[in-house]
Every structure is written in structure tokens, then in C-alpha cells.
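Have a look at the structure below, then the notes.
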Amino acid sequence: MALFAYKGRNARGELVQGTLENANPGAVADQLFNSSITPLEINLAPVARKLITGGFLAKLLEPKVAALDVLLFSRQMHTLLRAGVPIMRALGGLQESTINKAFAKLLQELRESLDAGRELSAAMRRHGEAFSAFYVSMVRVGELTGRLEEIFLQLFFHLDFERRTREQIKAALRYPSFVLIAIVAAMVVINLVVIPAFAKVYAGFHAELPLLTQILIGMSNFMVRFWPLLLAATVGAAFGLRMYIQSPNGKYKWDKFKLRIPVVGEIVKKATLARFMRSLALAAKSGVPIVQGLSVVAKVVDNDYIAQRIEQMRDGVERGETILRTASAAGVFTPVVLQMIAVGEETGAMDELLEEIAGMYDQDVEYQVKNLSAQIEPFLIIAIGGMVLVLALGVFLPIWDLGQVALKK
């Protein structure tokens, strides 16, 4: 919220001026029109301009709207609306009770938008950092059908499932991540400290070293000599990779590559498809046409590769093809899922079948996530064993050879 100075004319044509606090000049103009004032000039007030230019750090450090805030908001809105509380009073009560100042500010802006005559979905659309396109679309459906409280409950279950899945995946990947970080740190220490010490000992004997030892010493010398350049190259490569992934073409290729990663790729694929199925079931149950539902879900599936396949399904349905045929052509669904889609089309209970398919994917994801650490451990053991073997042979073989030479003398 910022403070704006305005000049305008009221219904009698008189010049009026003052200050109003709102999110942007457009919102101030709407507020003035609702007060029967025609705005002539709207500028940022001098005090507000000073605060904005001087409070950049405070703005940077201010709390953000968290996913948990939106999750709790959905459940609380369902409870309040079901109890018959008007939506303005519901938002006001939630604004007073919320702990997160950023979310309280967001609720205040929602109330002001509603007071200016906007619909709730239109007000939410102006806050894309908190409400996804799918969330806004479902709220819009609730407004059109008069089932807004049911939509908020379904959105709560949807967001809660996604939250639990993310937490399970993070928990399963925590141990392997620590092990990989430890391996990298150990390699750096060995190359910068351990191998140079052994290299000095070997140099004193003036003996021919095994090829593996020469390779290790060469790598160590290179790292010791050029470690600033290597560090800068690593940081630059990481930054470049991140920028490439953020580009449309890079994100598409990265999302496609994620699905092919051993062990983890299958979990990512099933979790993404579970989200797609559950979102499409929620849209179908709320009365959204299948074509519009596919368009909305494709934007929030969080994987460009699968999103493109969903858009191909939408195009096929628009041409009059069946969902089964378009899903089969997408090439991302298993035969069992395709059979259930066929049954759903024949019986007309597509939303129920989609929920069952989402449940199947959910169970598979939950099982694989629980066993993710056990599946990754063999790869980690092989990696650690290989590293230890190379270092042991490279470092201790010369000692063995030098010992034999000394015994012969």
C-alpha cells in the first residue's frame, strides 16, 4: 500500500484534492469513481515517495505470503462461508487474525477490490504470487455456480496434498543430498591438502610413480594452482544453467530430462500426473468444460513437457477426438490408466475415475518416496566405494612400491 495525492472534480464540478492510500494509481482511480469524483491527476505523495526510495531494504526483507497461508485461508473461508458469514466480514476477520503481515496486507487489498465492485476471482488474479491461475479459475467457477464454499474446501484438500508430497520428497532426498555434499567436500580436501603432502614425499625418492598416482597428482596440482578459476567457473556454470532453465526452451528440456533420471524421474512423473488428474477431476466436478479444464490445468502442472502433452490432448478434444485417444497419443499414461479413462468416458463418470487415477498415482508416489532413500543408497555406496578405491590405489600403491625398493636395497 502506498499514499497517493489526487486532484479531481466532484458531482457538482468542484475541484477537490486530497490523499488516499491504496495499492496503485488504478485502484485509487476506482476508489474515487465510487465516491463520485472524477480524477484529474493522481501522483505518489511526497511522503510515500520518500518512504519508497528510503525503505528499499525494508521492502526487500518484508515477509512473503507462504503456501501455508493460502492453505489455511482456503479452509477458513470454507468454514466461514458455510456458516453464512458474508464474504467481506470473512475477509475482515481473517485479516485481523492472521499473523503474517504480508498476507494481512493482501487480504486488505482483496477487501478494497471487492468494495470497489470487483469479483473475488478478479481481485485474486491481481495477486499471482499468492494465488495460482488454477486457484483463481476454480474460485471463478465457484462464483458462477454459487458453490464457492465447496470450491474452497476442494482447494484446501488439493493444496494439502501437494504440500505433503513436497515435504515427503524433501525428506527422502535430505540424506542423499548430505552424502553427496560430503563426498564433494572430501574430494576438495583430499586434492588440496592430502595428495600434495604425499606428492612431496614421493618426489624425495625420485622413483617412477604408477599411472593412476600421476593422474591424481596432476589433478591435485591443477586444482591447487587454479582453484580460484575453478570456483569462478563453477559459480558461473551454475548461474548460466539456472538462467538457461528459466528460459522457455531450457525449462522444457530440463523438465523432460527430469522424467528420465533413474529412480527420481519416475517419482517426479507420477507426482506431476497425480496433480494433473486431481486438478482436472476438481475442475470437472465443479462443472468446468473439459477443454477449458485442460487449458487451465496445463498452466499449473509445473512441468512444461507434460504441459505440452496436455495441450495436445486439449487440441485433440477440440477437434472432436475422445479423451482416451488423445491421452493414448500423449504417451505419458500407463495402460491401466488408459483403461480407467475409457471406462470413465463410457459411464459418464469421468470426474470420479479421474479422482481414482489420482489416488493410484498418489499411492505409488507415497510408496516410492518412502523407499527412495533405500533405492538411492546402492548408488551412493558404489560412488563412495569407487572414490575410496581410486584414492587408495593411487596413494598407497607408490608406498608399497617404494617399500619393496627399499627392501631390495
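When reading the values below, keep in mind they use all heavy atoms of this one structure, side chains included, and skip hydrogens, waters and symmetry mates.
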Any side-chain to backbone donor/acceptor pair from [X] onto [Y]? Under 3.5 Å, distance only.
{"X": "D69", "Y": "A66", "result": "yes"}
{"X": "S328", "Y": "L324", "result": "no"}
{"X": "T98", "Y": "Q95", "result": "no"}
{"X": "E143", "Y": "L120", "result": "yes"}
{"X": "N221", "Y": "I217", "result": "yes"}

Report task. Under the side-chain contact (heavy atoms from CB on, under 4.5 Å) rule, what do V332 and L259 come out as? Steps first, then yes or no, please. Result -> CA-CA 10 Å; V332 294; L259 304 180; 6.0 Å; no

[X] atom [atom1]: more than 12 heavy-atom contacts under 6.0 Å:
{"X": "M88", "atom1": "CE", "answer": "yes"}
{"X": "Y244", "atom1": "OH", "answer": "yes"}
{"X": "L231", "atom1": "CG", "answer": "yes"}

If you measure from the Lys or Arg side-chain nitrogens to the Asp or Glu carboxylate oxygens, is any gap between [X] and [Y] under 4.0 Å?
{"X": "K269", "Y": "E266", "answer": "no"}
{"X": "K251", "Y": "D255", "answer": "yes"}
{"X": "R164", "Y": "D160", "answer": "yes"}

Do [X] and [Y] have side-chain heavy atoms sitting under 4.5 Å apart?
{"X": "L106", "Y": "F131", "value": "yes"}
{"X": "F222", "Y": "L229", "value": "no"}
{"X": "R125", "Y": "V139", "value": "no"}
{"X": "L294", "Y": "T326", "value": "no"}
{"X": "I310", "Y": "L280", "value": "no"}
{"X": "R126", "Y": "R118", "value": "yes"}
{"X": "W254", "Y": "N303", "value": "no"}
{"X": "K256", "Y": "D304", "value": "no"}

Query raised in the report: Looking at Y361 and K270, what are the two nearest heavy atoms and their distance?
Result: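 Looking at all heavy atoms of both residues, the closest pair is CB-O, 3.8 Å.
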
**Report entry** For V85 against A90, the heavy-atom pair lying closest together
**Finding:**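 Looks like CG1-N, 3.8 Å.
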
Query raised in the report: Which is it for E167 and R163 under the side-chain contact (heavy atoms from CB on, under 4.5 Å) test, yes or no, and what are the steps along the way?
Result: CA-CA 6 Å; E167 290 179 353; R163 179 187 62 83; 3.2 Å; yes

Query raised in the report: Distance only, no hydrogens: is a donor on one side chain within 3.5 Å (strictly under) of an acceptor on the other, for Q154 and E150?
Result: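 E150 and Q154 do not have a side-chain donor-acceptor pair below 3.5 Å.
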
Rounded to the nearest 0.5 Å, what's the gap from [atom1] on [X] to [atom2] on [Y]? Could you check?
{"X": "I215", "Y": "S220", "atom1": "CD1", "atom2": "OG", "result": "13.5 Å"}
{"X": "I323", "Y": "L354", "atom1": "CD1", "atom2": "CG", "result": "7.5 Å"}
{"X": "E96", "Y": "L107", "atom1": "CD", "atom2": "CG", "result": "11.0 Å"}
{"X": "Q214", "Y": "M219", "atom1": "CD", "atom2": "CE", "result": "14.0 Å"}
{"X": "L192", "Y": "M187", "atom1": "CG", "atom2": "CE", "result": "10.5 Å"}

Report task. Run the numbers on I357 and F276 for side-chain contact (heavy atoms from CB on, under 4.5 Å), then give the verdict. Result -> CA-CA 10 Å; I357 296 171; F276 160 63; over 6 Å; no

Requested in this report: For the residue pair Y252 and Y305, categorise the inter-ring angle as parallel (less than 30°), tilted (30 to 60°) or perpendicular (more than 60°).
Outcome: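 If you compare the ring of Y252 with that of Y305, the planes turn out tilted.
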
Query raised in the report: Passes side-chain contact (heavy atoms from CB on, under 4.5 Å), L148 versus I87? Steps please.
Result: CA-CA 10 Å; L148 193 57; I87 191 167; 4.2 Å; yes

